[in-house]
There are 2 protein chains.
Amino acid sequence: MHATLRDANPPLTPSVEDYLKVIYHLSNQGGFAATSDIAAMLDVAPPSVSGMVKRLSETGLIEHVPYRGVQLTAQGRRAALRMIRRHRLLELYLTQQLGYDWGGVHAEAERLEHAVSDELIDRMARALGDPLYDPHGDPIPTAAGEIEEAELVSLADAGLGSKLELRQVGTQDSARLRFFAEQGLTPGVLLTVTDRQPFNGPTTIGLVPSGDPRVVGRELALLLWCREMPVTDRGYASR
Amino acid sequence: MHATLRDANPPLTPSVEDYLKVIYHLSNQGGFAATSDIAAMLDVAPPSVSGMVKRLSETGLIEHVPYRGVQLTAQGRRAALRMIRRHRLLELYLTQQLGYDWGGVHAEAERLEHAVSDELIDRMARALGDPLYDPHGDPIPTAAGEIEEAELVSLADAGLGSKLELRQVGTQDSARLRFFAEQGLTPGVLLTVTDRQPFNGPTTIGLVPSGDPRVVGRELALLLWCREMPVTDRGYASR
DNA sequence: TTCAAAGTTTAGCGTAGTCTAATGTTGATG
DNA sequence: CATCAACATTAGACTACGCTAAACTTTGAA
């Protein structure tokens with residue numbers, strides 16, 4: 001029930017915590033997480049999800065409305081946020097303390113998050129100065145299970161002329177992550193929307209303060225989540 | 001096949017690698033590892049070991065002589081040493097970089113050693129300056145799978161008057177580890193045997209250079225593995 | 001209003017590990 | 001050298017996950 005013989009390394013089978021994490025992400029905006037979406041995210045067959053859903057709701061971690069989907073209970077949400085805290089702190093620690101690069105940390109954190117103790121996570125957090133955001137710009141839940149609810153707009157939806165701070169890159173795909181990094185589109189960057197083509201066409205933005213233009217197709221723009229920034233007469237407001 | 005529902009945290013079931021590690025330790029001095037000893041070390045029932053032994057020998061990691069015991073093949077030895085390298089580097093990293101104390105690292109390393117990648121281990125090793133010994137004084141196998149074969153004597157067997165360097169503490173029991181640490185009996189310490197009582201009585205030693213005496217009962221003295229040191233006319237030879 | 005497609009659940013089986021109880025083997029002792 | 005205790009293995013059941021195929025809902029479009 002732990003590691004198998006043939007494939008000792010990559011845990012092919014998602015753990016309970018992985019289910020909770022994807023349910024958290026899928027039902028984030030208050031809705032239900034659909035069986036098939038969970039299955040797609042975890043790369044298992046839908047009946048496997050039905051089975052796990054049954055077990056998880058028996059133990060009180062989720063609530064299941066048949067044919068509708070699932071939601072986390074308070075307990076399940078706590079467990080999910082605990083794993084998200086672990087994941088994001090691990091990514092930050094690996095990046096800052098061990099020289100990993102932005103695109104390479106995800107897989108490592110994905111495995112480690114199941115093995116680390118709360119004590120280790122707290123020690124890492126302290127070593128990093130109790131940071132609030134991970135290398136992708138996502139907020140790190142506190143040990144008590146609180147998380148900053150960011151009000152983010154996808155770049156594809158942001159208004160023409162609006163001033164934005166890139167906060168999250170909504171993909172784990174390393175080719176895309178590398179592409180964004182090459183374009184200078186990393187969390188924390190400031191930008192303005194200068195143009196958008198109709199019919200789901202690309203968005204053109206300008207980086208701040210350099211003014212360098214970038215053209216981002218809609219598929220990719222949908223992955224770039226931004227905070228809309230108030231503008232003061234002396235420039236952009238700081239956080 | 002990964003983490004179960006009821007006991008999400010402590011991996012109650014030993015992994016393949018855990019089997020290889022204990023077989024390595026049990027058959028270290030060239031012998032066979034007995035089924036019941038493996039079972040005792042892993043806290044599983046003997047038939048579970050028989051089952052795993054079958055699978056491990058089918059994949060060529062061990063050789064099994066029925067009713068005699070098992071030995072590692074070259075491949076199995078390599079896999080065991082890889083895990084031992086991970087374990088010892090993790091203990092050292094946690095101790096030196098994250099402020100863990102000597103007694104508390106074992107359980108953490110035991111879980112992490114299954115989740116870390118070779119890359120992470122190599123990065124940790126580099127961050128530590130490619131160390132040769134872990135916090136217990138045990139040699140760390142190289143990435144290529146070589147390990148220093150130490151010629152060690154148990155303190156209980158060392159000759160009266162001999163000069164020794166404490167190299168390994170042969171227990172994982174944290175109460176004993178803490179006791180040794182309090183007595184100043186940590187790997188690297190130099191000492192001389194000043195007295196030994198007959199009938200399995202205690203050994204008296206003097207710490208070097210302070211000369212502080214310590215009295216160690218036979219049960220504990222058996223756990224303290226030392227290197228016998230050549231003496232030069234200017235003092236103890238360095239490593 | 002029906003009906004078909006899409007999505008979900010159930011049924012039934014496979015695998016990799018655990019366990020207890022029963023059976024085999026070995027080696028020391030009378 | 002026969003016996004018996006200790007140790008090892010086999011037999012058979014259980015759990016927790018996975019899968020495919022089949023049955024059941026829901027929904028959206030004709």
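Each chain gets a letter, A, B and so on, in the order the sequences are listed, and its residues count up from 1.
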Practice task
Whole angstrom is fine here: how far is it from CE in A/Met52 over to P in C/dT10?
Solution key: 16 Å
Exercise for the section: Specify the residue among A/Pro46 and B/Asp37 whose closest nucleotide of DNA chain D lies further upstream toward the 5′ end. Expected result: B/Asp37
Handout entry: Residue B/Ala45, side-chain atoms from C-beta onward, closest of C/dT8, D/dC19, C/dC19
Key = C/dC19
Problem - Side chains of A/Arg82 and A/Ile121 in contact at under 4.5 Å (non-hydrogen atoms) - result: no
Completion exercise
Closest of C/dT18, D/dA11, D/dC19 to the B/Thr13 side chain is C/dT18
Handout entry: Beyond-backbone contact of A/Val105 with A/Leu90, side-chain heavy atoms, under 4.5 angstrom
Key = no
Problem - A/Ser15 and A/Glu17: CA distance, side-chain angles, deciding distance, side chain to side chain donor-acceptor pair (under 3.5 Å) verdict - result: CA-CA 5 Å; A/Ser15 71; A/Glu17 289 82 11; 3.1 Å; yes
Handout entry: Value in whole Å for how far the P atom of C/dT18 lies from NZ of B/Lys54
Key = 14 Å
Practice task
Return no unless some side-chain N or O of A/Ser36 is found under 4.0 Å from OP1 or OP2 of C/dA6.
Solution key: no
Fill in the blank from the handout: B/Glu58 CD to C/dG17 C1', in whole Å, measures 14 Å
Practice task
Using heavy atoms to find the nearest nucleotide of DNA chain D for A/Asp43 and A/Pro66 separately, return the residue whose nucleotide is more 5′.
Solution key: A/Asp43
Exercise for the section: Calculate the interatomic distance between B/Leu42 atom CG and C/dG17 atom P; express it in whole Å. Expected result: 13 Å
Exercise for the section: State which of C/dT20, C/dT18, C/dG17 makes the closest approach to the side chain of B/Val44. Expected result: C/dT18
Problem - Closest nucleotide among D/dC17, D/dT20, D/dT10 to the A/Val16 side chain - result: D/dC17
Exercise for the section: Let me know the distance between CG of A/Leu56 and P of C/dT9, rounded to the nearest Å. Expected result: 13 Å
Practice task
Verify the contact: side-chain N or O of A/Tyr19 to OP1 or OP2 of D/dG18, cut-off strictly under 4.0 Å; return yes or no.
Solution key: yes
Handout entry: Atom-to-atom span, CD1 of A/Ile38 to P of D/dC17 - whole angstrom
Key = 15 Å
Completion exercise
Among D/dT9, C/dT10, D/dT26, the one nearest any side-chain atom of A/Tyr67 is D/dT26
Practice task
Please check the phosphate of C/dT9 (OP1 and OP2 only) for any side-chain N or O of A/Thr35 closer than 4.0 Å.
Solution key: yes
Practice task
State which of C/dT18, D/dT26, D/dG18 makes the closest approach to the side chain of A/Pro14.
Solution key: D/dG18
Handout entry: Residues, nucleotides or ligands: over 12 heavy atoms within 6.0 Å of A/Gln97 CD
Key = yes
Handout entry: Any A/Ser48 side-chain N or O less than 4.0 Å from OP1/OP2 of D/dC19
Key = yes
Practice task
With rounding to the nearest 0.5 Å, note down the distance linking CG in B/Leu223 to CZ in B/Phe180.
Solution key: 5.0 Å
Problem - Closest to the B/Arg55 side chain, choosing from C/dT9, D/dA8, C/dG17 - result: C/dG17
Exercise for the section: Answer yes or no: does a side-chain N or O of B/His64 lie under 4.0 Å from OP1 or OP2 of D/dT9? Expected result: yes
